[in-house]
Amino acid sequence: MTTLSGKTALVTGSTSGIGLGIALSLAKAGANLILNGFGDASRVIAEVEQLNNKSGGKVGHHPADVSDPAQIADMIEYAEREFGGVDILVNNAGIQHVASVEDFPVERWDSIMAINLSSVFHSTRLSLPGMRSKGWGRIINIASVHGQVGSVGKAAYVAAKHGVIGLTKVVGLETATTNVTCNAICPGWVLTPLVQKQIDDRAATGIDPQQAQHDLLAEKQPSLEFVTPPQLGELVLFLCSEAGSQVRGAAWNIDGGWLAQ
Ligand code: NAD
């Protein structure tokens with residue numbers, strides 16, 4: 001098992017869903033954890049503390065709204081001040097909005113670009129100098145299958161996630177001769193609040209909720225099963241391990257076969 005004792009991981013959007021699953025895996029592996037995200041973080045902090053008690057790690061939460069570069073800068077300063085910097089940066093925070101291009105609300109486009117794409121640029125540019133000076137680092141961007149293919153109604157999300165994969169390649173190249181790596185993970189459907197809302201929207205048209213969930217999977221994900229946050233957490237641990245050290249600039253699918261079609 002990968003030991004990350006002494007390393008500090010910052011996971012954006014870790015009060016829910018995938019980010020929370022990844023934070024729990026990193027804490028189990030002994031990393032100090034900086035949580036981020038909206039909502040009541042106390043339950044999540046307690047959950048991570050319980051794991052950290054066993055491994056001796058430390059946990060904190062920073063409430064930065066990652067759509068604001070100044071708040072991201074404040075979060076990275078907090079990490080430097082309280083934890084000695086960020087060794088593992090998981091850019092996970094993200095939102096979705098579904099509408100056709102001509103009906104897409106301009107302010108939703110702007111916030112998806114800010115949260116799903118620009119935040120990755122800001123947290124990366126601000127964390128990289130510390131990683132370079134310590135001689136080790138991992139930047140892991142939670143992109144999506146929608147970083148590689150499109151789906152109707154998801155113009156902003158698909159554009160932002162394609163951008164994340166492009167940015168990942170450039171950072172992967174710019175760090176290629178160092179012990180810092182940068183990669184993207186591309187999940188298919190994961191049953192989190194972000195996806196539950198899409199199932200609820202289908203069910204609101206009168207379809208049985210179980211049927212709505214089945215239809216959502218059947219349209220895109222050949223396994224007909226959701227990817228789980230713990231599975232994503234294990235992939236993050238692999239990318240943090242020595243065995244993962246030559247994976248650079250990759251966009252790694254974990255999607256029940258979605259992109260094989
Ligand atoms: P979620 O809604 O369960 O969690 C999103 C997290 O981001 C929450 O903690 C929320 O508080 C936080 N967040 C939202 N806006 C923020 C902001 N402005 N500043 C700080 N934090 C903010 O969603 P999820 O499904 O766990 O998605 C996490 C990531 O995984 C997203 O980037 C999403 O695009 C990606 N993803 C999800 C799926 C899926 O099927 N669920 C598939 C592929 C990729």
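Read the numbers this way: they start at 1 and go in the same order the structure lists the ligands and their atoms. Values below: all heavy atoms of this structure, side chains included; hydrogens, waters and symmetry mates excluded.
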Non-hydrogen atom of Phe226 closer than 4.0 Å to ligand 1: no
Connected via hydrophobic side-chain network under 4.5 Å: Ile254 and Leu191: no
Under 3.5 Å donor-acceptor, Arg138 side chain and Asn179 backbone: yes
Contact atoms of ligand 1, heavy-atom distance to Ile115 under 4.0 Å: 18 (N)
Side-chain (Ser223) to main-chain (Glu225) donor-acceptor, under 3.5 angstrom: yes
Proximal ligand 1 atoms for Asn92, defined as those under 4.0 Å from one of its heavy atoms: 28 (C), 29 (C), 30 (O), 31 (C), 32 (O)
Ligand 1 versus Asp65: contacting region, heavy-atom distance under 4.0 Å: both
Closest to atom 5 (C) of ligand 1 among Gly94, Ala143, Ala93, Gly17 (heavy-atom distance): Gly94
Same apolar cluster: Leu259 and Phe226, side chain cutoff 4.5 Å: yes
Joint cluster assignment, Val66 & Leu167, ILVMFWY side-chain distance < 4.5 Å: yes
Distance from atom 19 (N) of ligand 1 to nearest protein heavy atom, with residue and atom: Val66 N, 2.9 Å
Donor-acceptor under 3.5 Å (Ser119 side chain, Ile115 main chain): yes
Side-chain donor/acceptor of Asn141 to backbone N/O of Ala143, under 3.5 Å: no
Closest approach of any protein heavy atom to atom 43 (C) of ligand 1, naming residue and atom: Pro187 O, 3.3 Å
Main-chain N/O of Ala176 paired to Arg248 side chain as donor or acceptor, under 3.5 Å: yes
Ser127 side chain vs Thr124 backbone, donor-acceptor pair below 3.5 Å: no
Atom 16 (C) of ligand 1 - nearest protein heavy atom and its distance: Phe38 CE1, 3.4 Å
Ile142 neighbourhood, listing ligand 1 atoms whose heavy-atom distance to it stays under 4.0 Å: 30 (O), 32 (O), 35 (C)
Non-hydrogen atom of Lys161 closer than 4.0 Å to ligand 1: yes
Of the listed options Pro229, Gly13, Gly188, closest to atom 6 (C) of ligand 1 (non-hydrogen atoms): Gly13
Side-chain donor or acceptor of Asn183 paired with backbone N/O of Leu239 under 3.5 Å: no
Atoms in ligand 1 flagged as close to Thr15, the criterion being non-hydrogen separation under 4.0 Å: 8 (C), 9 (O), 11 (O)
Side-chain donor or acceptor of His61 paired with backbone N/O of Gly37 under 3.5 Å: yes
Ile18 contact mode with ligand 1 (heavy-atom cut-off under 4.0 Å): both
Identity and separation of the nearest protein heavy atom to atom 1 (P) of ligand 1: Ser16 OG, 3.7 Å
Closest to atom 23 (O) of ligand 1 among Asn116, Leu194, Ile185 (heavy-atom distance): Leu194
The one among Trp258, Trp189, Tyr157 that brings a heavy atom closest to atom 35 (C) of ligand 1: Tyr157
Residue portion contacting ligand 1 (non-hydrogen atoms closer than 4.0 Å) for Val190: both
Exam field: side chain Thr12 to backbone Ala93, donor-acceptor pair closer than 3.5 Å: yes
Atom 24 (P) of ligand 1 [closest protein heavy-atom partner, distance rounded to 0.1 Å]: Thr192 OG1, 3.5 Å
Flag, side chain of Glu234 to backbone of Gln231, donor-acceptor distance under 3.5 Å: no
Residue, atom name and distance, where the atom is the protein heavy atom closest to atom 14 (C) of ligand 1: Ile95 CG2, 4.0 Å
Contact check, Pro193 vs ligand 1, heavy-atom distance below 4.0 Å: yes
Atom indices of ligand 1, in the order listed, that fall short of 4.0 Å to a heavy atom of Ala64: 19 (N), 20 (C)
Check: Val195 N/O within less than 3.5 Å of ligand 1 N/O: no
Region of Asn36 that comes within reach of ligand 1 [heavy atoms, distance under 4.0 Å]: side chain
Short N or O distance, Gly37 and ligand 1, threshold 3.5 Å exclusive: no
Min side-chain heavy-atom separation Ile142-Ile140 under 4.5 Å: yes
Aromatic plane relationship, His62 with Tyr78 - under 30° parallel, 30 to 60° tilted, over 60° perpendicular: tilted
Ligand 1 contact by Thr12, heavy-atom criterion under 4.0 angstrom: no
